[in-house]
Amino acid sequence: MSKSNHFSKKLLNWYDPKARSLPWKFIKDPYKIWVSEIILQQTRAEQATPFYRNFIQLFPTVGALAKAELDQVLKAWEGLGYYSRARNLHHAANYVQNNFAGKIPSTYKELLTLKGVGPYTAAAISSFAFGEAQPVLDGNVFRVLSRVFGIEAPINVGSSRKIFQKQLNKIFDKKRPALFNQSIMDFGATCCKPSEPSCPSCPMADFCFALKNKQIHQLPKKLKPPKKKIRYFNFLFLTSGKKLLIEQRTEKDIWQNLYQFPLLESKELVHEDFIKDNFRSNLNLNKSINFDLVYSTTRILTHQKLYVQIWAANLRKKDFTEKEGALWVNNSDLHKFAFPKLFDLFFNDIC
DNA sequence: AACACGGGGAG
DNA sequence: CTCCCAGTGTT
């Protein structure tokens, strides 16, 4: 028997559907499968689970999601990260309403026309929800293929993809696409793990390239990521009575469409006096207004390191200020706005 | 082809 | 600290 067929047979024999029980498994609703796959992009299952449950409760159907305001959808995504997923999901829900009569399209090709649905997600939805023979190629599958078949092409460069896709097509079980896809991802997640894989009990052990050649810790190969960008964020926590000044981020940058306090950003560390002067002139505040440093932290993102300071000031009625694009919100309305995670930490810290 | 995009967990 | 995670869109 060829090594390729051997793989599929071993895999399906190894797979225990009950071993990894997750809320989006064993469901057939294409909408829920779609939502789960978007949430799971670059996100661990444990982190995804509460967000998935909450999201489905708030937006049970594609119609409900399409009707919702983007701010509501972002609020449901608050703290999860990669917020373009929420924007694209909302956009695509309306696209499905208008172009597919509210039915999630059933083919790989049509699914690719939805914003936020790429090759992985289209293969996942089309196979899980509709039984189409499309193999998924995600981080797990890259790792498994690299080790078992000895593929040395780095998995984090686009040009390697076709090499992995070719090998994947060879071993894919067209007769049982959903089962194969579920199995190979579970196998990667629980057996052929990134570190400390369970080689002694691995069903592929007798023909795995990496095990045979002692390459388990060398495969998959990956190119070094670029260095983190350093950014300095100084926010102003400006209150007046029960009101607080916030603004929406609109740039194509991290946290697009989320809310924040008025911000002074710099590439270098800047002096306290410069920050305060900037706040005064930017918000048209009186010289007598005082600012206290109330919060200081760092945030590590995948490609950035943020040095964050939050300054507080309180205004009397007569000092009340207006700023283009900013809005005063009541404490009681704050929960309606989606903020980056660091503000959640801040709110918890000061309360 | 390279870059941008969050946040959390594990080692 | 580093690496990884059920990746995709933009430039």
Side-chain angles (χ1 to χ4, degrees), chain A residues 20 22-25 33-52 74 77-89 91-92 111-129 134-144 146 154-162 164 178 180-190 192-197 217 220-229 231 249 251-258 297-306 308 338-345:
Chain A
R20 249 186 131 204
L22 296 165
W24 47 84
K25 272 196 177 180
I33 292 175
W34 176 32
V35 170
S36 75
E37 291 300 342
I38 299 297
I39 290 178
L40 285 163
Q41 287 169 6
Q42 299 295 284
T43 305
R44 301 184 120 82
E46 309 81 72
Q47 188 190 1
T49 300
F51 284 90
Y52 170 78
L74 285 170
W77 217 267
E78 184 181 45
L80 188 55
Y82 281 171
Y83 298 94
S84 65
R85 292 182 293 174
R87 297 191 300 270
N88 289 334
L89 194 53
H91 178 276
L111 285 162
L112 278 179
T113 67
L114 307 190
K115 276 250 190 297
V117 176
Y120 164 75
T121 308
I125 301 173
S126 64
S127 64
F128 292 145
Q134 292 286 348
V136 291
L137 181 44
D138 74 331
N140 287 311
V141 179
F142 272 113
R143 183 174 58 256
V144 170
S146 173
I155 64 172
N156 61 340
V157 295
S159 54
S160 302
R161 187 183 179 91
K162 55 182 181 294
F164 285 88
F180 179 92
N181 284 341
Q182 195 63 254
S183 305
I184 194 169
M185 289 194 288
D186 269 16
F187 174 67
T190 64
C192 197
K193 295 172 290 187
S195 61
E196 306 294 321
H217 298 293
K221 289 197 188 301
K222 216 167 179 182
L223 266 43
K224 282 278 182 203
K227 270 201 70 167
K228 286 191 196 307
K229 185 165 81 169
R231 303 172 74 171
R249 293 178 67 87
E251 308 303 308
K252 284 195 174 174
D253 190 7
I254 56 172
W255 306 324
Q256 190 185 4
N257 293 43
L258 272 63
T297 190
T298 60
R299 294 292 292 165
I300 309 289
L301 310 183
T302 301
H303 303 101
Q304 306 186 20
K305 181 168 185 180
L306 314 181
V308 179
F339 287 85
K341 185 73 179 178
L342 78 91
F343 289 92
D344 185 47
L345 301 174

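By convention in this document, chain letters (A, B, ...) are assigned in the order of the sequence lines, proteins followed by strands, and residues within each chain are numbered from 1.
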Whole-Å distance between [N] [atom2] and [X] [atom1]?
{"X": "K193(A)", "N": "dG9(B)", "atom1": "NZ", "atom2": "P", "answer": "18 Å"}
{"X": "I254(A)", "N": "dA4(B)", "atom1": "CD1", "atom2": "P", "answer": "12 Å"}
{"X": "L301(A)", "N": "dG9(B)", "atom1": "CG", "atom2": "P", "answer": "15 Å"}
{"X": "I39(A)", "N": "dG7(B)", "atom1": "CD1", "atom2": "C1'", "answer": "14 Å"}
{"X": "L74(A)", "N": "dG6(B)", "atom1": "CG", "atom2": "P", "answer": "11 Å"}
{"X": "E78(A)", "N": "dG7(B)", "atom1": "CD", "atom2": "P", "answer": "10 Å"}

Applying a 4.0 Å non-hydrogen cut-off, can you work out what [X] is touching in the nucleic acid: base, sugar-phosphate, or nothing?
{"X": "Q304(A)", "result": "sugar-phosphate"}
{"X": "N181(A)", "result": "nothing"}
{"X": "G188(A)", "result": "nothing"}

Contacts under 3.5 angstrom, residues 297-305 of chain A side chains, donor-acceptor by atom type, not counting sequence neighbours:
from, atom 1, to, atom 2, distance (Å)
Q304(A), OE1, R231(A), NH1, 2.9
K305(A), NZ, Y307(A), OH, 3.3

Exercise for the section: Pick the P atom in dT11(C) and in dG6(B), then give their distance to the nearest Å. Expected result: 15 Å
Exercise for the section: Can you tell me, in whole Å, how much space there is between the P of dA6(C) and that of dG11(B)? Expected result: 14 Å
Exercise for the section: Could I get the full list of salt bridge (Lys or Arg N to Asp or Glu O under 4.0 Å) partners for R161(A), not counting sequence neighbours? Expected result: none
Practice task
For K341(A), enumerate each residue passing the salt bridge (Lys or Arg N to Asp or Glu O under 4.0 Å) test, keeping only those at least two apart in sequence or located in another chain.
Solution key: D344(A)
Completion exercise
Sorted by position of nearest nucleotide on DNA chain B, 5' first, the leading residue of S159(A) and G81(A) is S159(A)
Practice task
Nearest-nucleotide wise, let me know which of R85(A) and G158(A) is further upstream toward the 5' end of DNA chain B.
Solution key: G158(A)
Practice task
May I ask you to evaluate whether R299(A) reaches the phosphate of dG8(B), defined as a side-chain N or O under 4.0 Å from OP1 or OP2?
Solution key: yes
Practice task
Kindly say if W77(A) contacts the phosphate of dG6(B), meaning a side-chain N or O under 4.0 Å from OP1 or OP2.
Solution key: no
Exercise for the section: Using only heavy-atom distances, determine whether the side chains of R85(A) and Q41(A) contain a donor-acceptor pair under 3.5 Å. Expected result: no
Fill in the blank from the handout: Sorted by chain and number, sequence neighbours left out, ring pair (Phe, Tyr, Trp, His ring centres under 6.0 Å) with F164(A) holds for F142(A)
Problem - Test ring pair (Phe, Tyr, Trp, His ring centres under 6.0 Å) applied to Y52(A) - qualifying residues, sequence neighbours left out - result: W24(A)
Exercise for the section: Tell me, yes or no, whether the heavy-atom count around K115(A) atom NZ, taken from other residues, nucleotides or ligands under 6.0 Å, exceeds 12. Expected result: no
Problem - nucleotides 1-11 of chain C: protein proximity per nucleotide (B base, S sugar-phosphate only, - neither; heavy atom, under 4.0 Å) - result: S-SBBBBSSSS
